[in-house]
Amino acid sequence: MPIIARAREAGIFSSSEVALLGRVFDRLKDEHQSPKRREALASRVLANYLAGIRDEAELLSVSKLPLGR
């Protein structure tokens with residue numbers, strides 16, 4: 001699961017934060033997505049979390065959208 005691996009590698013997340021990120025990723029992923037698309041999804045969830053979105057429902061909602069540039 002990319003999101004959990006990324007969070008653990010960064011070493012800055014608590015186990016509850018990793019669990020939250022994993023739950024959001026699991027709800028958004030699609031079994032038919034390519035590894036590249038899943039990686040992009042994991043990055044989007046993580047970026048939104050690092051931007052300050054900590055509420056699970058809100059993180060889920062905004063992570064469905066492409067990252068703003």
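Heavy atoms only: backbone and side chains are in, while hydrogens, waters and symmetry mates are out. Since the structure is predicted, the reported quantities are computational estimates derived from the model, not experimental observations.
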Next on the checklist: Could you tell me if the side chain of Leu41 sits less than 4.5 Å from the side chain of Asp30, heavy atoms only?
Outcome noted: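 Heavy-atom side-chain distance check fails, nothing below 4.5 Å.
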Next on the checklist: Measuring only between side-chain heavy atoms, which start at C-beta, is Leu20 closer than 4.5 Å to Phe25?
Outcome noted: no
Next on the checklist: Quick check on Arg27: does its CZ atom have over 12 non-hydrogen neighbours (other residues, nucleotides or ligands) under 6.0 Å away?
Outcome noted: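 No, CZ of Arg27 has 12 or fewer neighbouring heavy atoms, counting only those of other groups under 6.0 Å.
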Next on the checklist: Nearest 0.5 angstrom please: Ser63 OG to Glu56 CD, how far?
Outcome noted: 11.0 Å
Checklist entry - Looking at CG of Leu28 and CG of Leu60, how far apart are the two atoms once the value is rounded to the nearest 0.5 Å? => result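 Result: 5.0 Å between the selected atoms.
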Item to check | side-chain hydrogen bond (donor to acceptor under 3.5 Å, both in side chains) involving Gln33 - partner list, sequence neighbours excluded | outcome: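 With neighbours one apart ignored, the set is empty.
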Next on the checklist: Keeping Ser43 on the side-chain end and Glu39 on the backbone end, is there a donor-acceptor pair under 3.5 Å?
Outcome noted: yes
Closest heavy-atom contact between [X] and [Y]?
X	Y	answer
Lys29	Arg38	CD-NH1, 3.8 Å
Leu59	Tyr49	CD1-N, 3.7 Å
Leu65	Arg44	O-CD, 2.8 Å

Checklist entry - Quick one: salt bridge (Lys or Arg N to Asp or Glu O under 4.0 Å) partners of Glu58, sequence neighbours excluded? => result none
